[in-house]
Amino acid sequence: MSGRLLKGWRPLVVLILFFFIWEIVVKKAGIPAWLLPAPSQIIQEGIASWASFSAHLFSTIKLGTSGFLIGITIGLLTAAILYLIPVVRESVYPLLILSQNVPVIVLAPLLVIWFGFGMLPKIIVITLVCFFPVTVAALDGFKQTAPDLKHYMRMAGATRGQLFWKLELPHALPSIFSGLKISATYSIMGAVISEWLGAKAGLGVYMTLASSAFRTDRVFVAIFAIMFLSLLFFGIIILIEKLLVRWQSKGAK
Amino acid sequence: MSGRLLKGWRPLVVLILFFFIWEIVVKKAGIPAWLLPAPSQIIQEGIASWASFSAHLFSTIKLGTSGFLIGITIGLLTAAILYLIPVVRESVYPLLILSQNVPVIVLAPLLVIWFGFGMLPKIIVITLVCFFPVTVAALDGFKQTAPDLKHYMRMAGATRGQLFWKLELPHALPSIFSGLKISATYSIMGAVISEWLGAKAGLGVYMTLASSAFRTDRVFVAIFAIMFLSLLFFGIIILIEKLLVRWQSKGAK
Amino acid sequence: MAVLTIEDVSKKFAETEIIKHLNLQVNEGEFVSILGPSGSGKSTLFSLIGGILTPDSGAIMLQGEKINSKTGSISYMPQSPSLLPWRTVLQNVLLSQELRGPKDEKKAEEMIEKAGLGAYIHAYPDELSGGMKQRVSFIRALLSPQPLILLDEPFSALDELTRLDMQKWLLSIWEENRRTVLFITHNLEEALFLSDRIIILSSKPAEVVADYKIPFKRPRAEELFLENEFLEWKREIYHKIKEVME
Amino acid sequence: MAVLTIEDVSKKFAETEIIKHLNLQVNEGEFVSILGPSGSGKSTLFSLIGGILTPDSGAIMLQGEKINSKTGSISYMPQSPSLLPWRTVLQNVLLSQELRGPKDEKKAEEMIEKAGLGAYIHAYPDELSGGMKQRVSFIRALLSPQPLILLDEPFSALDELTRLDMQKWLLSIWEENRRTVLFITHNLEEALFLSDRIIILSSKPAEVVADYKIPFKRPRAEELFLENEFLEWKREIYHKIKEVME
Amino acid sequence: QESAENGKDKQTESKNEKVTVVLDWTPNTNHTGLYVAEEKGYFKEEGLDVEIILPGEAGAEQLVASGKADFGVSHQETVTEARVQGLPVVSIAAIIQHNTSGFASPVEKNIKSPKDFVGKTYGGWGGPAEKPVISTLMNAEKTNVDDVSFVNMGETDFFTAVKRDIDFAWIFYAWTGIEAELRGEKLNMIYLTDYSKNLDYYTPILVANEGKIKDNADQVKKFMNAVSKGYNFAIENPAEAADILIKENPDLDAELVKKSQEWLSPRYKDDASRWGEQKQEVWENYTKWMFENKVLEKELDAKSAFTNEFLPK
Ligand SMILES: Nc1ncnc2c1ncn2[C@@H]1O[C@H](COP(=O)(O)OP(=O)(O)OP(=O)(O)O)[C@@H](O)[C@H]1O
Ligand SMILES: Nc1ncnc2c1ncn2[C@@H]1O[C@H](COP(=O)(O)OP(=O)(O)OP(=O)(O)O)[C@@H](O)[C@H]1O
Ligand SMILES: [Mg+2]
Ligand SMILES: [Mg+2]
């Protein structure tokens with residue numbers, strides 16, 4: 001663990017250097033705040049407007065979390081169905097890939113037209129960006145079940161159900177988690193986009209308010225908040241993975 | 001090849017069925033066109049407005065292609081530098097991951113303000129969404145160079161340069177191509193987003209115009225065009241891969 | 001008494017005949033090895049017995065019962081240890097029982113202890129060496145309740161010295177339990193060292209071309225390898241194999 | 001004349017001594033095998049000779065020249081065939097020359113032809129069987145211009161029968177060319193069959209504990225395995241190894 | 001023939017000054033004068049080569065302020081806000097003399113006056129002045145803005161929004177109101193100007209960069225000459241002006257443009273002495289109102305926010 005921390009110092013130094021140069025350049029060149037605020041201004045603004053900002057933040061967290069949970073549930077179910085019923089996989093999987101080329105920013109306004117400004121269209125947007133990485137990863141995981149293990153299980157008399165629950169599902173866990181990590185970061189982005197296109201609160205709304213008031217510093221506060229949330233979600237998934245997929249980390253020692 | 005085509009019939013049937021049901025539902029339920037146009041209307045509109053539409057389409061293709069080329073060049077160079085200079089990798093790679101959490105739709109307007117309406121901000125947006133999948137995939141490919149091959153090459157007296165050009169780079173090719181496939185579809189999306197945020201022509205502009213003119217049918221024309229372009233780019237990359245990574249398909253026989 | 005009887009079994013893959021009118025019998029408590037050229041259909045034969053492939057014709061009888069395409073009637077140990085990485089040694093050993101019914105944890109613990117893996121009972125497979133994994137895999141097969149154990153080249157992935165160790169260990173465990181075993185190997189010395197009978201298969205399509213009764217008395221010790229009698233048997237069977245391969 | 005001389009070489013990894021004051025000499029045209037327990041440091045020794053590791057002390061001399069941490073002075077054939085999958089057989093064979101200077105395509109084609117791989121000269125490795133890949137790998141090592149060839153368990157991943165085939169094939173090719181060879185194996189029979197000398201290493205830290213001159217005359221044939229003299233040598237060295245391991 | 005035309009274009013390009021104008025939204029009848037000036041060659045006569053571009057998500061004000069565009073279409077409330085945040089933008093003409101915007105709702109919603117906003121949902125775009133404006137209107141009828149639910153409706157258009165969860169939204173009558181007429185949908189309009197004189201501000205307006213006004217007054221002058229001519233043409237020939245707008249933007253609904261133009265043309269100049277004229281009083285009133293309602297963080301010198309100096313005599 002301390003090794004991990006030690007390893008982290010380099011990027012941290014680069015990051016601090018980056019902010020330092022940014023600060024200096026903004027100050028020396030006298031760049032106006034509406035064009036590019038200095039990091040110090042952004043931090044100040046973040047602290048100063050925390051009261052009004054936090055409501056938006058929590059709203060996004062709530063939306064992102066629920067969308068994420070629904071999205072990954074659908075993603076996992078889809079993967080299981082596609083894997084277990086080959087006919088469905090062959091006829092539907094290519095279309096799922098196609099569905100990922102539907103531009104969300106174009107679709108989102110249509111969703112609002114169809115489903116209004118409530119939770120439904122937002123959840124659909126987040127689900128749409130969330131479910132696919134999980135489906136692909138889980139399907140990959142299922143498919144890549146070591147053939148020798150599968151052969152052993154079948155020779156040992158495992159039923160189809162036993163094969164799935166005792167072998168294929170646990171075997172796919174690491175792969176599923178790498179899908180979940182991607183989905184987790186996407187869910188925040190999805191939440192912001194869906195809020196941006198119509199909502200009462202959330203980082204997306206905060207950003208709109210900020211940019212129409214020419215408060216570039218607040219736009220940056222929102223950008224950093226989004227990055228932080230993405231990292232947070234990512235971290236939480238890694239934590240859960242550590243707890244659930246323990247046999248691997250032991251092996252890696 | 002004909003096997004491939006035969007395998008493709010299932011999804012095609014599902015797709016046709018999907019459009020068929022869509023058409024029927026729209027017609028029977030009398031859904032107004034501004035809410036959801038029938039597929040037949042969309043096709044008609046696509047043909048009717050081809051003249052004005054094609055200019056937008058080609059503009060997006062041009063933008064997407066140049067952005068893609070610049071993006072993947074940067075992506076490959078980044079991967080090579082990160083791989084060959086471990087200190088840089090350790091200090092910069094985590095930040096690159098972080099950079100992918102910067103919400104593009106928030107950043108893009110700022111880029112336009114900073115760099116104007118020219119190609120630059122658009123190329124930056126596309127590069128930002130394009131380079132990362134290639135970098136990650138190439139880096140992965142380099143890293144996963146079979147250790148026994150590497151050991152052999154070193155024992156046989158290969159220099160660092162020979163190791164990279166004769167072993168690591170060709171070894172990473174399949175991995176690089178899977179990154180390119182992702183980047184290719186992203187590049188179209190990136191182009192549309194950047195046009196949407198400020199441009200003279202392109203699918204993004206066409207969409208903005210369409211939706212402000214309450215022409216939902218045209219929005220769908222744009223959606224389908226975007227999906228088609230993504231697939232086209234994807235297909236072109238697969239074609240190039242087939243030509244370049246021939247030893248694998250032979251092996252798979 | 002015959003535990004396993006294979007009667008006139010044939011199997012084709014597409015147009016290729018892999019097994020042709022094969023007849024074979026394994027008796028209670030016998031250790032029978034099958035030797036045959038690579039690709040002759042030995043693993044295919046096991047899949048047929050295991051029930052995951054169906055013979056085109058003929059019958060596979062286990063203790064008088066026809067088990068064509070019936071899975072779960074035999075116990076199996078494959079070439080790779082095939083331990084589930086997310087299960088501890090104990091959980092892995094219990095797997096084969098779990099699939100068929102109630103678990104006997106007590107007996108499993110006992111066997112693991114006896115195999116010298118007591119310290120690793122709650123370890124994950126990744127923490128074990130190749131030889132240790134194969135021990136676990138064999139215990140798992142032993143603990144499975146079925147009357148016949150199939151072993152498909154269990155040691156061929158191990159290095160020479162570990163392999164010798166494992167042969168001795170397997171023999172010691174087996175001589176205590178005397179379960180009925182059908183054993184595939186490429187290694188003539190291994191077959192001679194372990195078996196009561198050695199069956200030679202022809203190359204594709206597989207037929208039985210020879211069936212040797214190996215008379216070395218049990219318990220057998222490592223020194224057997226270096227005895228002249230052993231070399232003579234080796235010579236004889238070796239010439240037979242060469243003949244078959246031409 | 002000594003092609004390779006290892007003088008008092010030692011190597012530590014962190015605090016573990018892997019090789020300790022090792023002395024070894026390989027003469028022109030000799031086929032020398034190294035036998036030793038797993039993990040004793042045989043591959044490490046090869047890495048030292050190959051120059052990708054640096055000895056902590058001592059000197060490695062090739063034809064009188066010190067080659068400590070100098071890569072590219074020897075020719076190498078590893079355990080896995082290590083063919084580049086995107087190169088045809090011919091291109092792969094030319095690789096070792098390509099790294100060091102000009103290519104001799106003519107000679108390569110000739111050798112491939114002689115190895116019975118003429119039909120596969122433009123095939124990719126994926127189209128070859130395991131044995132064929134090892135043949136290509138050996139030809140690649142042979143074509144490399146350096147005075148010494150190192151082979152690290154080249155056949156240990158092959159199945160029994162292919163392995164025997166390969167041993168015979170290697171012997172026939174080698175007996176034609178008589179290049180100087182240093183050969184690592186786990187398999188005593190293989191070492192006896194192929195070598196002029198067998199060197200036994202102790203377990204970690206590796207030292208030379210025995211050095212046998214094997215007197216079987218050349219060319220050697222397969223029947224050697226079944227001769228009584230062979231079994232006697234086997235017995236003797238086998239007891240030596242057991243001794244070392246205790 | 002086309003290539004000949006292109007050739008001519010290139011020649012003129014080399015002589016003429018290149019100028020970009022950013023719109024505030026997609027082209028509509030607020031912009032007719034610009035398109036007329038372009039089509040009729042008024043810009044060329046002044047030696048300008050004008051390009052009209054859509055703003056996308058980047059605001060016209062920032063683009064003008066950062067010099068990435070020369071002129072822009074904006075609104076008084078935005079310019080005020082922008083100047084307070086330090087953006088050097090100045091209004092150089094009022095496109096429409098009086099505020100024609102208001103709160104629209106389908107008649108079924110029964111929102112006839114601001115007091116009916118209570119319990120309803122307002123669909124906005126996230127502008128800082130939205131809440132205070134509604135508040136001012138409601139205060140006049142002794143109701144509280146906190147009883148209105150605010151939803152940011154983003155890209156969604158008015159007609160869709162009011163069919164979903166939105167009850168009323170802020171529109172320009174000239175465009176959305178006329179569209180409703182054409183669709184046969186009856187709207188209730190609550191005009192800002194009916195409730196507070198302070199809210200009769202200029203929207204939309206043309207803006208330029210402060211620096212440009214100082215350093216390149218000549219170009220601003222030329223630009224305004226042409227634009228004035230364009231709008232005056234539109235005032236006198238609504239039908240022909242509408243045709244020009246349609247021709248330049250073939251994706252627009254021709255009928256809507258024609259009717260909208262007919263409605264709007266007399267309102268460009270309205271009671272002013274010339275098109276584009278801005279009164280200090282209007283700027284001061286609104287700025288004061290904004291400050292009092294805490295839309296602005298600090299007071300603004302209204303005089304410096306606009307100028308009539310570039311309007312042709
Ligand atoms: N599912 C299958 N479909 C088609 N052919 C198959 C299938 N399984 C095996 N074969 C073919 O059947 C033949 C026998 O295979 P099998 O694995 O039984 O041989 P084996 O005797 O076990 O070989 P080895 O000693 O190498 O393990 C081989 O030629 C193989 O290619
Ligand atoms: N780079 C390294 N760093 C640390 N220890 C190492 C390294 N390489 C090898 N070792 C250790 O050195 C010892 C000798 O390894 P080596 O591979 O030389 O053995 P070997 O005799 O070739 O074994 P085998 O017969 O299994 O191939 C082993 O204990 C191994 O774990
Ligand atoms: Mg087999
Ligand atoms: Mg080794």
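A, B, ... follow the sequence lines: proteins, then strands. Residue 1 opens every chain.
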Run the side-chain donor-acceptor check on residues 21-30 of chain A: report pairs under 3.5 Å with partners two or more places apart or on a different chain.
residue, atom, partner, partner atom, Å
A:W22, NE1, A:P37, O, 3.1
A:E23, OE1, A:S40, N, 2.9
A:E23, OE1, A:S40, OG, 3.3
A:E23, OE2, A:K27, NZ, 2.7
A:E23, OE2, A:S40, OG, 2.7

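Looking at A:L209, the atoms closer than 4.5 Å to chain E (heavy atoms on both sides) sit in the backbone and in the side chain alike. Heavy atoms closer than 4.5 Å to chain A are found in both the backbone and the side chain of E:A65. Interface residue E:E297: only side-chain heavy atoms are found under 4.5 Å from chain A. Residue contact with chain A, scored on non-hydrogen atoms closer than 4.5 Å, is absent for E:T121.
Of residues 110-120 of chain A, those residues with a non-hydrogen atom less than 4.5 Å from any non-hydrogen atom of chain E are, in numerical order, A:V112, A:I113, A:W114, A:F115, A:G116, A:F117, A:G118. Contact annotation for residues 198-214 of chain E against chain A (heavy-atom separation below 4.5 Å): no residues qualify. Using a 4.5 Å cut-off between non-hydrogen atoms, the part of residues 160-170 of chain E that approaches chain A consists of E:T160, E:A161, E:R164, E:D165, E:I166.
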Side chain to side chain donor-acceptor pair (under 3.5 Å) evaluation trace for E:W289 with E:T136 = CA-CA 10 Å; E:W289 176 89; E:T136 303; 3.1 Å; yes
message = Could you walk me through whether E:S91 and E:Q76 satisfy the side chain to side chain donor-acceptor pair (under 3.5 Å) test, starting with their C-alpha distance in whole Å, then the side-chain angles of each, then the deciding distance to 0.1 Å, before giving a yes or no?
response = CA-CA 8 Å; E:S91 171; E:Q76 184 178 338; over 6 Å; no
Full working for side chain to side chain contact (heavy atoms under 4.5 Å, CB included) between E:D24 and E:H31 = CA-CA 9 Å; E:D24 55 343; E:H31 312 128; 2.7 Å; yes
task = Show your reasoning for whether side chain to side chain donor-acceptor pair (under 3.5 Å) applies to A:E195 and A:Y206.
result = CA-CA 9 Å; A:E195 285 164 358; A:Y206 179 82; over 6 Å; no
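Interface check for chain A: of the options E:P88, E:A82, E:G127, the most heavy-atom pairs under 4.5 Å are formed by E:A82.
Side-chain atoms of E:V148 and E:T143, non-hydrogen and from C-beta on, never get closer than 4.5 Å to each other. Inter-residue side-chain proximity for E:S101 and E:Y191 is flagged as unmet; no heavy-atom pair is nearer than 4.5 Å. A 4.5 Å side-chain heavy-atom check between E:K120 and E:I111 finds at least one atom pair inside the cut-off. Here the side chains of E:N249 and E:L252 are in contact, with some heavy-atom distance below 4.5 Å. In this structure, the side chains of E:L23 and E:I52 come closer than 4.5 Å at one or more pairs of heavy atoms.
Annotation for E:F117: atom CZ counts as buried by contact number, over 12 foreign heavy atoms lying within 6.0 Å. Within 6.0 Å of CD in E:E185 there are more than 12 heavy atoms belonging to other residues, nucleotides or ligands.
E:K288 and E:E284 are not joined by a salt bridge, as no carboxylate oxygen comes within less than 4.0 angstrom of a charged side-chain nitrogen.
Distance check: E:L87 CG to E:Q85 CD gives 8.0 Å after rounding to the nearest 0.5 Å. Note: A:M207 CE to A:T60 OG1 = 9.5 Å, rounded to the nearest 0.5 Å.
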